[in-house]
Amino acid sequence: MSRVSVPCHVKGTVALQVGDVRTSQGRPGVLVIDVTFPSVAPFELQEIMFKNYYTAFLTIRVRQHTSTHTPAKWVTCLRDYCLMPDPHSEEGAQEYVSLFKHQMLCDMGKVLELRLILRQPSPLWLSFTVEELQIYQQGPKDLGIWLQVSPTLPASGQYAFALQSPSMTFPKWLSHPVPCEQPAPLLEVSPHPG
């Protein structure tokens with residue numbers, strides 16, 4: 001399936017304070033990043049891709065268009081997705097992550113806006129975020145090319161494949177390749193020389 005990048009506007013992060021804001025012990029443990037799509041009509045989200053930067057857990061909310069008579073509503077589509085198996089160690093801290101629509105808890109159609117909620121409970125990391133955020137929707141439909149196994153399979157174990165497409169024809173030499181030769185038999189070798 002092909003995919004197309006969706007132009008988006010990533011707003012600045014908003015820190016939600018954990019602890020006492022008047023002391024040095026208080027630090028942001030939760031960040032919120034809003035992503036808008038000002039030049040795109042409501043679309044079906046296929047994939048979200050980003051580079052993690054010390055974020056331990058990710059929750060994604062999506063605002064979806066419902067109908068012309070009701071206001072758009074926010075829905076949680078991913079809850080506490082683990083990006084770092086142990087928030088106190090560096091494993092997963094700077095990995096590239098792809099999240100696909102089949103991993104989401106709700107339908108990803110008619111998307112208007114995204115909200116990423118990042119959590120890092122460990123006091124070891126002074127900052128955390130996600131970088132290089134990219135959003136994708138489904139591109140033009142694929143050509144519909146697939147391989148079809150020939151119904152008459154030779155006893156030699158060799159198989160003939162034919163390319164099939166509802167909209168295109170292929171030359172015979174491409175549709176019916178010449179069968180491969182039988183591989184040479186392997187020589188028997190004793191596991192213990194002697």
Side-chain angles (χ1 to χ4, degrees), residues 1-22 26-88 90-144:
M1 176 184 314
S2 63
R3 62 184 188 159
V4 175
S5 180
V6 179
C8 61
H9 175 71
V10 180
K11 295 182 179 178
T13 58
V14 175
L16 302 180
Q17 197 72 27
V18 175
D20 188 357
V21 289
R22 293 169 287 175
R27 58 176 281 288
V30 179
L31 295 178
V32 177
I33 300 174
D34 283 337
V35 183
T36 60
F37 309 96
S39 61
V40 179
F43 67 97
E44 182 174 352
L45 189 140
Q46 295 291 319
E47 181 181 0
I48 300 171
M49 202 165 90
F50 58 88
K51 182 179 180 189
N52 187 23
Y53 186 78
Y54 293 93
T55 297
F57 301 99
L58 171 68
T59 295
I60 300 176
R61 300 204 60 189
V62 61
R63 190 168 70 95
Q64 295 175 307
H65 177 73
T66 50
S67 73
T68 55
H69 303 296
T70 59
K73 62 179 183 173
W74 285 96
V75 179
T76 301
C77 58
L78 189 69
R79 187 182 309 277
D80 294 328
Y81 185 81
C82 183
L83 298 172
M84 294 174 65
D86 177 7
H88 305 290
E90 289 198 25
E91 184 182 353
Q94 295 187 36
E95 298 289 324
Y96 282 92
V97 178
S98 286
L99 299 169
F100 300 92
K101 75 175 189 174
H102 70 270
Q103 294 175 276
M104 303 299 170
L105 300 171
C106 64
D107 177 48
M108 296 304 291
K110 299 181 181 178
V111 171
L112 296 169
E113 190 174 351
L114 287 177
R115 177 166 289 158
L116 307 177
I117 303 166
L118 318 176
R119 284 193 310 119
Q120 177 48 273
S122 175
L124 296 176
W125 316 117
L126 297 178
S127 63
F128 61 97
T129 190
V130 294
E131 302 171 334
E132 302 174 32
L133 181 66
Q134 298 175 5
I135 310 294
Y136 295 98
Q137 67 181 339
Q138 182 174 335
K141 297 288 184 192
D142 293 336
L143 295 176

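Numbering of residues begins at 1 and proceeds along the displayed sequence. This one's a predicted model, so the numbers in the text were calculated from it and none came from an experiment.
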Check your understanding: In chain order, what residues pass the ring pair (Phe, Tyr, Trp, His ring centres under 6.0 Å) check against H102, with sequence neighbours excluded?
Key -> F100

**Study point:** Shortest non-hydrogen contact between T129 and L118, atoms and distance
**Key:** CA-CD1, 3.7 Å

Point to revise | Least distance between heavy atoms, M104 atom then I60 atom | key: CE-CD1, 4.4 Å

Exercise for review: Would you mind reporting whether W74 and R63 have side-chain heavy atoms less than 4.5 Å apart?
Suggested key: yes

Exercise for review: Please report the closest heavy-atom contact between N52 and G92, naming both atoms and the distance.
Suggested key: ND2-O, 2.9 Å

**Study point:** Donor-acceptor under 3.5 Å (E95 side chain, L83 main chain)
**Key:** no

**Study point:** Exam field: side chain T13 to backbone V32, donor-acceptor pair closer than 3.5 Å
**Key:** no

Point to revise | Between CD on residue E90 and OH on residue Y54, distance to nearest 0.5 Å | key: 3.5 Å

Practice item. State the CD1-OH distance between I48 and Y81, to the nearest 0.5 angstrom. Key: 11.0 Å

Exercise for review: Just do the side-chain contact (heavy atoms from CB on, under 4.5 Å) check on W125 and M84 with the steps written out, would you?
Suggested key: CA-CA 12 Å; W125 316 117; M84 294 174 65; 3.9 Å; yes

Review point. What are the two closest non-hydrogen atoms of Q120 and T55, and how far apart are they?
Key: NE2-C, 4.2 Å

Review point. CZ of F43 to CD1 of I135: how many Å apart, nearest 0.5 Å?
Key: 6.5 Å

Point to revise | Polar side chain donor-acceptor pair, H9 to T36, under 3.5 angstrom | key: no

Exercise for review: Examine distances only and state if a side-chain atom of R115 and a backbone atom of R61 form a donor-acceptor pair shorter than 3.5 Å.
Suggested key: no

Practice item. Locate the shortest heavy-atom distance separating E113 from K11; write the atom from each residue and the value. Key: OE2-NZ, 4.5 Å

Review point. For the residue pair M108 and K101, what are the closest heavy atoms and their distance?
Key: CG-CB, 4.0 Å

**Study point:** Pairwise distance CG(L114) to CG(D34) - rounded to 0.5 angstrom
**Key:** 9.0 Å

Review point. So, do C82 and F57 sit near enough that their side-chain heavy atoms are less than 4.5 Å apart?
Key: yes

Exercise for review: Working to the nearest 0.5 Å, report the span between NZ of K51 and CG of L133.
Suggested key: 14.0 Å

Review point. In Å, rounded to the nearest 0.5 Å, how long is the span from CZ of R119 to CG of L31?
Key: 12.0 Å

Point to revise | Side-chain (E47) to main-chain (R3) donor-acceptor, under 3.5 angstrom | key: no

